[in-house]
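To start, the structure under review is shown below, and the notes come after it.
A, B, ... follow the sequence lines: proteins, then strands. Residue 1 opens every chain.
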There are 2 protein chains.
Amino acid sequence: MQEKEISLAVIKRLPRYYRYLGELLENDVVRISSKELSERMKVTASQIRQDLNNFGGFGQQGYGYNVEYLYTEIGKILGLDRKYNIIIIGAGNLGQALSNYTDFERRGFYVTGIFDTNPRLEGISIRGIEIQMIENLEKFVKNNPVHIAVLTLPRLKAPQVAKEVVGLGIKAIWNFAPVDLNLPPDVIVENVHLAESLMRLSYDLKASEDNTKPFEKEADNKNKGN
Amino acid sequence: MQEKEISLAVIKRLPRYYRYLGELLENDVVRISSKELSERMKVTASQIRQDLNNFGGFGQQGYGYNVEYLYTEIGKILGLDRKYNIIIIGAGNLGQALSNYTDFERRGFYVTGIFDTNPRLEGISIRGIEIQMIENLEKFVKNNPVHIAVLTLPRLKAPQVAKEVVGLGIKAIWNFAPVDLNLPPDVIVENVHLAESLMRLSYDLKASEDNTKPFEKEADNKNKGN
DNA sequence: TAGATTGTTAATCGATTAACAATC
DNA sequence: TAGATTGTTAATCGATTAACAATC
């Protein structure tokens, strides 16, 4: 259906547009121009128009964009016009936190199963969903449609479990383990590498402290990009 | 100290290099060429050499790179050769999960305080650190050096708390709230927007399902980039 | 020394920004 | 209609890749 390949850079920006439009909608803003949105989001108006036009003309000359319409359309592009069943594998702190995160349901992501290897967690209930032993995974997936598997388990276990999950026919993995999963090309993997995010923060912090050191000020006081 | 501005794209790749080098080190690999590393990481050897040369010549012609040396040097670049005290503001599921995350300590990030507004959480201990009421924040920061504040609190509260935190002199924020914090330019903000990550996953999943639909196969069966 | 592989310059590719005609 | 703002083409900018001389 898509005419030409959409660049990854564009796709990565879509959820942020969606978030801003959602906020505008909350504030009962009916229409917005690319210029005004660009000022709020701190990007260029040109980029907004280019990005949106990858998917079609959602605006109107002389008027701008209807907030509600654009919000809905971007939602459709992002695949938020349907429901997803997700299972969480690894019921440690992070897995439990994500299981408890009701916000995802508002967007159509429903946790339907939670799995772990630790027998002490068996049967513990999170928002009405009992933690199961991972041995039950195969049976569960065969009886319940699962669209996304969330991996919140130790680095050394993740690749093997990912393989099993893919073997059961699951096509999308949200990976929180600090490792790259090498899976067949038809499997979608989205990584959340918290440690890497924290390292970028410490890099920036270090760089800004270096810039503040009095004797180096003159040498490199150009502004840092965001 | 830095000669020219390092591009954001390069900085974002550094933690991944660091992770791969750490794995090689674990496996007692002593040296590696850009070519071999490029095959493991699925990037070009050229990119690796370009990236590293932003920071200096870490390799040796005809030999490659010494894994341990390169690992250490990238660690220094990322600011991992020192310790950071971090406080967590918002002791909900995610805040507690991060507080429990011992992995960060290995990299030098120490949780020294946890804060919330919910009186029912007051005094609950996580790894020996008692959850405090947010009213104590100012006093705490004045008596204890804090390098990084982690915001794991609701979207609507985050901007105000961020402002307060910055007012207390904290220069770096790891923001998990789904909102952009508009803070002075000398404050470092690293965002982790989980909902946006999940939306990218659903976009990719949708796109791959569209590609699999039999009648559209011919129209767009080019390979999707990663 | 010969072979390997870096560091670095030059060429290519892709993404962002600017500009403006089309049009509401 | 006049003014505003999009959709889209063209120009610019920056990042990636290729190539190879330097050198271990």
Side-chain donor/acceptor of Gln50(B) to base of dT9(C), under 3.5 Å: yes
Under 3.5 Å donor-acceptor pair, Ser7(B) side-chain atoms to dA15(D) base atoms: no
Pair Trp174(B) + Phe109(B): ring centers closer than 6.0 Å: no
is_close_aromatic(Tyr84(A), Tyr110(A)), centroid dist under 6.0 Å: no
[X] [atom1] to [N] [atom2], straight-line distance once rounded to whole Å:
X: Leu37(A); N: dT5(D); atom1: CG; atom2: P; result: 13 Å
X: Phe58(A); N: dG7(D); atom1: CZ; atom2: P; result: 9 Å
X: Leu52(A); N: dT16(C); atom1: CG; atom2: C1'; result: 15 Å
X: Gln61(B); N: dA21(D); atom1: CD; atom2: P; result: 14 Å
X: Phe55(A); N: dG7(D); atom1: CZ; atom2: P; result: 14 Å
X: Lys35(A); N: dA18(C); atom1: NZ; atom2: C1'; result: 15 Å
X: Glu39(A); N: dT17(C); atom1: CD; atom2: P; result: 15 Å
X: Leu8(A); N: dA15(C); atom1: CG; atom2: C1'; result: 12 Å

Looking at [options], which one has an atom nearest to any side-chain atom of [X]?
X: Asn53(B); options: dT5(C), dG7(D), dG7(C); answer: dG7(C)
X: Tyr65(A); options: dT6(D), dA18(C), dT17(D); answer: dT6(D)
X: Arg49(A); options: dG7(D), dA18(C), dT6(C); answer: dG7(D)
X: Gln47(A); options: dT16(C), dT6(D), dT16(D); answer: dT16(C)
X: Ala9(A); options: dA19(C), dC24(C), dT16(C); answer: dT16(C)

Residue whose nearest DNA chain C nucleotide is more 5′ - Asp51(A) or Gly62(A): Asp51(A)
Interface residues of residues 12-31 of chain B with DNA chain C (non-hydrogen, below 4.0 angstrom): Arg31(B)
Determine which nucleotide pairs with [N], using a 3.5 Å limit on both distances of a Watson-Crick or G-U wobble pair.
N: dC24(D); value: dG3(C)
N: dG14(C); value: dC13(D)
N: dA19(C); value: dT8(D)

Results of side chain to side chain contact (heavy atoms under 4.5 Å, CB included) for Arg49(B) - residues two or more places apart only: Ser34(B), Ala45(B), Tyr65(B)
Aromatic plane relationship, Tyr71(B) with Tyr18(B) - under 30° parallel, 30 to 60° tilted, over 60° perpendicular: parallel
Between Tyr17(B) and Asp51(B): side-chain donor-acceptor atoms closer than 3.5 Å: yes
Validation row: Leu78(B), Pro15(B) side chains within 4.5 angstrom (heavy atoms): yes
Glu190(A) with Lys12(A): basic N within carboxylate O range, under 4.0 Å: no
Pair Asp180(A) + Arg16(B): basic N to acidic O under 4.0 Å: yes
Sugar-phosphate only, base, or nothing, as touched by Thr44(A) at under 4.0 Å among non-hydrogen atoms: sugar-phosphate
